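Contents: one structure, followed by commentary.
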Amino acid sequence: MFWQHTKLQELHLTQTQGVWRHQIWGYPIEDAAPGAELWVWFKPEVKDVDKTWADLVNAVSGLFCSSLNFLDAKSTVAPRWSFKPRGLTPESYAASSDSAAVELTQSLLLVVDATINNNRQQDWSLRKVFGQPLTSQCPLASSSRVFVDMTDNLEGKKFTLSPQPTQQQEFLRGGKHRQFSIYEVGEFTSIGKALNIAAQHESPVQYGMVSAPPVYAHRYITGYGLENGGISCHIFNTIDAYIPVVYMDTLPCLAPMSVTKVSFQFERAFLKWTEYPPDANHGFYINSAVISTILPTASHFTSLPLNASTIVQILNDSSTQFFLRLHTESLLVSLPTPDFSMPYNVICLACTVVAVAFGSVHNLTTRRFVLLDPATTKGLLARLKGLLSFRRKKAPQTPASEETESVNVKSSTEQKETNLPTVE
Amino acid sequence: MGLLTDTKQRQRLVSVLSRHHQKLSVLLYVVGLVWFLALAYEPLNASTYFSENALLPGLVDSNLPSEFFSLHQYAEALKAEMQKDKKRVPKDWIFRQFQNLGLETYRHNFTIKYPFKMAISQDLVGENIFAILRARRAASTEALVMATPLRAASTTKTQTDGGIAVMLGLAEQFRKNPYWAKDVIFLLSEFDEVGVHAWLDAYHETRSQYVIPDELPGRSGAIQAAINLEIPRDKIQYVNIKIEGLNGQLPNLDLFNLAVRLCRREQVLVTFHHRSDHYEADSWDSFQHSLVTMLHMMWSQASGAPSGGHGLFHRYHIEALTLEGVRFKKGFKNHPLEKIARVTEGIFRSLNNLLERFHQSFFFYLLPATDRYVSIGLYMPPFGLMVAAAAIKISFSLLHSKLFCMNSNEGKKCEKISGETTEGQHQSPGEETDGTQDVSLNEDSDDEFEVRKMTGLLTVTPMILVSFLLGLMAYTAPYILTRFTPSMKMKPDDTILFGILAVFSAALSYPYLMSRKAAPEDQLTVDWRLLQCVGLFMQGLVLMALSVMNISLAFFLAASSIPVTGFIKGTNQRVLRVLQLFALLVISPLGLLIIASLVNASLEKNFSGKLVDLVAGGYEHMKEMIFLLLVDQYLFSSWTYTIICFAILPTWLVFWAVPFNSP
């Protein structure tokens, strides 16, 4: 199994369609980069990380039927601070010491805009979103729960849930209250009922400004033309406190209620022609930047802490520090791209040049230059006349092939006789 | 390769060419010109086709409802809003509509500093509105732009309220569909092009001097294409496609083809420069029709000014064009707004299919009709011939110039050749002995040295330097002059016009200033052939360099100036000199501007045909043209005025000095 072979401590793989918009949606439970992201902690005994990494990505790409094997040295970084291993819980640490116990966490994040095709009503139900209600719970799980965030709906004026939840639970995290309605799936499905949670809204949605989360970022390409370009990243801090962030490996201090702008310039260079992908004119993706920070507040914060595996564990989280890692937008940069029909044109042109130049140069370099005595040489017209008269005499008597041969021989011997001084 | 080895043959060829180069030059020019214009003839150009297969134009089924009610609701509501205050655009209303659709909607403010301080002392503040429809499947790496200028009901330009209604209707429909692979940005710009410019500057974080945008509150990824809509609410007779951008840049031909194809598919009459295609192919009438269409396009491209809001996108490698709905006067079958919406939807669906940037098709082309094109490969050879007409003059003029004669050992022979070709100048014995020869002969000591002194490249260097300095003067004059305007109580466009006229007339007198005291009368004492060669060389460089950026400008310059610059010569005959100077004046930058203004005045729709109107209209046009040239340069960093000042004017000034020399 590749797990033992590659001596992994931790492996995190996310595959994403779209991008998480922190400014509007707040923070997700698990933050993920657009596209695919794979990050791994190797055990200390791994000597050649690069080689093990290459083995690993090939194995993983096979397992997940994705082209993760393209994650070679060109698109990989070894971050020093941005990624921290999950704090090992005592049990799993003990287990891993003698046997290969593996903790597996799977999460699926989905954003659904219920208003589309719904006449701006926000009503939703499990059947509408997933096509069918919940009819059973995972047989291996001791408990399976559905949480509905009711924080914005404390007075029950915005929407009503049906059926009635199993229980209401208040979460207290870093001084921030969150209200959840919890459904025990087993309670509904064990008696043969399907669980179809639905929310009925009072009025159509009114769009307006939403409160932004404490820290979010916006990254984009700057400049134009194919000579120079740049990347700018705005890091917004909307709370009234200094927040140190790790922006991959730079460490600006986020001042209170501020926007920090990280920008750098780059020069667009030609790649080697083998380094271009088949769709070279599409552009090149720049991976999203990763911002890691510790928030002093839990507003908008729903992620699990490093030492917890389930939401229930954070029911009463009195910590004052919340580790946040968020990914910015990935970018598409266009690099100068050669016209790939050019090799064909170059071959045509080069062949033409060779054909034309070679002939004449060959002619000039291999020809013998001969000094002729002007007194003995006849003019062009006289020679032509001589040739004609010669033909007229000989033509009727001998066959054509023989005749030309004899003429050639004759003329060459003539030349040998007359052209005594030769220059080579 | 006989030529390389056979010196006799080569000499013969050279002497034949040398004897007939004048005729050859004329021949090349005429052939080039006729060939270039003949390219509008159908058998000589090519039919347009789609190079980019990913576009798949018109292959998808339209997702718009068969009765597009919401579009008409938006159009009616917008009409009611606009009637409330005819001088203002209901920006708040439009903002709310986009926001209610659930799109990320933003306002973007910008400030325009007036380049000429006198007209409006305060800075002008504008506000764009833009909304981003986020593609569900993509990570905002790519985007498409649908733009329309915000124009009040009282505008004298094309109304754009239909375009805004189309945008709202389409935004509503687009949002329902899961297939978007690129974000769609709906941009409503204030002050037409200036708003677009400010928005693009902010989007790419580039800076310019006079338009200062605020930070953009929201963004998407790399913009792949933009469609600008100038669509009135009703009575649309046909759709006119505008493509010419800043500095004569054009969008990729595939985008133009796409727009034409989709208009045809929806049976919308589509025109280019308000001219539809000739129904009859391959006839003299159709050739004339196509030629006029092509010349219209070239005329517009040559100005280097953007013909619509799309023109500012090209610099950022964003392919863009404008769909302009033209209202009919009376009694014509009209296209409902719905059709325009379907065309636009089709274009965006196609653009959504793009996998790579537009790169397959041509960026350099001329269009004689909506479905025919002349590619760069077709128009460069005839243009090359026209420039070659001048290039031939360079080599043989140089052969006859005194510089060449003195440097080569065969000075005598050279004299002979030049004597042969310039026989006409040797008619009067009085003229034979003045000029440089005169000077050299009269000097007793070392006359060959003296002649050499009068003929080297150094002798013409001051003229070249002075002409570039005058170019610099013309370049900076408007900026300096307009600072004094408030005290003179003149309008800015008047000041600039008179200022430029003053600079130009000062430039005209520079050969007098440079003439030597020793020389008789007002004559210059340099080798005019050498001067002409330098001028022709500069001209050839300018034209060839310009032709790969803006072929239309290069063509009009070449067609007008080469017949004069190639055939002027130094003379002592007063009549000939005056004639030559007059011809040079006609092709001077200012002369060409006047001609262009007259042409523009005669092209106006309500032109009466009277000479008085033509002159009056031409004057107004010239004032406007110069003013706009400068405004474009200051606001959008257009190159045209810079090229005129630093390339065209200095070259012309070098030629201006030629007739002042004695033969």
Side-chain angles (χ1 to χ4, degrees), chain A residues 16-21 23-24 33-35 111-113 115-118 120 204-209 218-226 229-230 232 234 259 261 263 278-283 285-286 288 327 329-334 337 339-340 356-357 359-364 367 369, chain B residues 1-5 52 54 96-105 131-132 134-143 172 174-178 180-183 200-207 215-224 313-318 354-360:
Chain A
T16 314
Q17 191 182 55
V19 62
W20 190 274
R21 304 187 192 283
Q23 190 185 351
I24 303 167
V111 182
V112 178
D113 188 345
T115 59
I116 291 174
N117 296 326
N118 207 9
R120 281 175 48 198
V205 64
Q206 286 298 322
Y207 293 100
M209 297 301 286
H218 172 47
R219 200 166 71 128
Y220 53 95
I221 299 271
T222 61
Y224 63 88
L226 289 174
S232 285
H234 294 256
V259 184
K261 185 169 155 189
S263 66
D279 54 347
N281 278 290
H282 179 65
Y285 284 106
I286 306 286
S288 58
H327 295 80
E329 299 95 330
S330 60
L331 304 172
L332 188 64
V333 178
S334 63
T337 314
D339 176 4
F340 284 105
V356 172
S360 52
V361 171
H362 178 262
N363 195 359
L364 285 176
R367 185 188 274 193
F369 288 93
Chain B
M1 285 295 131
L3 266 183
L4 280 182
T5 42
E52 175 61 273
R96 269 202 313 280
Q97 297 306 309
F98 276 108
Q99 201 174 37
N100 285 343
L101 287 173
L103 268 54
E104 281 179 36
T105 314
I132 306 176
R134 298 289 184 183
R136 287 184 228 171
R137 301 180 159 207
S140 287
T141 46
E142 293 167 273
E172 188 187 284
F174 282 4
R175 209 175 94 83
K176 293 179 182 172
N177 296 314
W180 292 106
K182 299 172 174 65
D183 289 0
L200 281 169
D201 258 2
Y203 197 94
H204 296 92
E205 221 169 68
T206 45
R207 294 278 169 263
E215 195 79 60
L216 216 56
R219 262 191 201 81
S220 181
I223 303 173
Q224 306 288 314
F313 285 92
H314 296 159
R315 177 193 306 166
Y316 301 90
H317 196 353
I318 302 168
L354 273 184
L355 297 172
E356 302 179 65
R357 277 178 175 281
F358 275 107
H359 68 283
Q360 296 271 14

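Remember, it's a predicted structure, so these values are computed and weren't measured experimentally. The sequence lines fix the lettering, A, B, ..., with proteins before strands; numbering per chain opens at 1.
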- Query: With a 4.5 angstrom heavy-atom cut-off, which part of A:Ile24 approaches chain B: side chain, backbone, both or neither?
  - Reply: side chain
- Top of A:Asn281, A:Thr222, A:Asp279 for chain B proximity - count of heavy-atom pairs under 4.5 angstrom: A:Asn281
- Message: So B:Ile318 and B:Tyr203, do their side chains get closer than 4.5 Å, heavy atoms only?
- Response: no
- Query: If you count heavy-atom pairs under 4.5 Å with chain B, which of A:His234, A:Arg219, A:Gln206, A:Gln23 comes out on top?
  - Reply: A:His234
- Message: Do the side chains of A:Asp113 and B:Arg175 get close enough for a salt bridge, i.e. N-O under 4.0 angstrom?
- Response: yes
- Item | B:Phe358, part contacting chain A, at a heavy-atom distance under 4.5 Å | neither
- Message: Would A:Trp20 and A:His327 count as a side-chain contact (heavy atoms from CB on, under 4.5 Å) here? Give the steps.
- Response: CA-CA 8 Å; A:Trp20 190 274; A:His327 295 80; over 6 Å; no
- Item | Note, A:Glu329 side chain near B:Arg219 side chain (heavy atom, < 4.5 Å) | no
- Task: Please flag which part of A:Arg21 lies under 4.5 Å from any non-hydrogen atom of chain B: side chain, backbone, both or neither.
- Result: side chain
- Could you look at B:Ala222 and say if it's the side chain, the backbone, both or neither that has a heavy atom under 4.5 Å from chain A? side chain
- Item | A:Leu332 versus B:Thr141, closest heavy-atom pair with distance | CB-O, 3.8 Å
- Among B:His204, B:Glu205, B:Glu104, B:Gln99, which residue forms the greatest number of heavy-atom pairs with chain A at distances under 4.5 Å? B:Glu205
- Take A:Tyr207 and B:Leu103, measure what side-chain contact (heavy atoms from CB on, under 4.5 Å) needs, and give me the verdict at the end. CA-CA 9 Å; A:Tyr207 293 100; B:Leu103 268 54; over 6 Å; no
- What part of B:Arg96 gets closer than 4.5 Å to chain A, counting heavy atoms only: side chain, backbone, both or neither? neither
- Query: Which of the residues B:Asn100, B:Leu354, B:Asn177, B:Thr206 is involved in the greatest number of heavy-atom pairs with chain A at under 4.5 angstrom?
  - Reply: B:Asn100
- B:His317 portion near chain A, given a 4.5 angstrom heavy-atom threshold: neither
- Message: Taking side chain as everything from C-beta outward and backbone as N, CA, C, O, which of these in B:Leu200 sits under 4.5 Å from a heavy atom of chain A? Side chain, backbone, both or neither.
- Response: neither
- Message: So for A:Thr16, is it side chain, backbone, both, or neither that comes closer than 4.5 Å to the heavy atoms of chain B?
- Response: neither
- Query: Hey, does B:Arg136 have a side-chain heavy atom less than 4.5 Å from the side chain of A:Ile116?
  - Reply: yes
- Do the side-chain N and O atoms of B:Tyr316 and B:Asp201 include a donor-acceptor pair separated by under 3.5 angstrom? yes
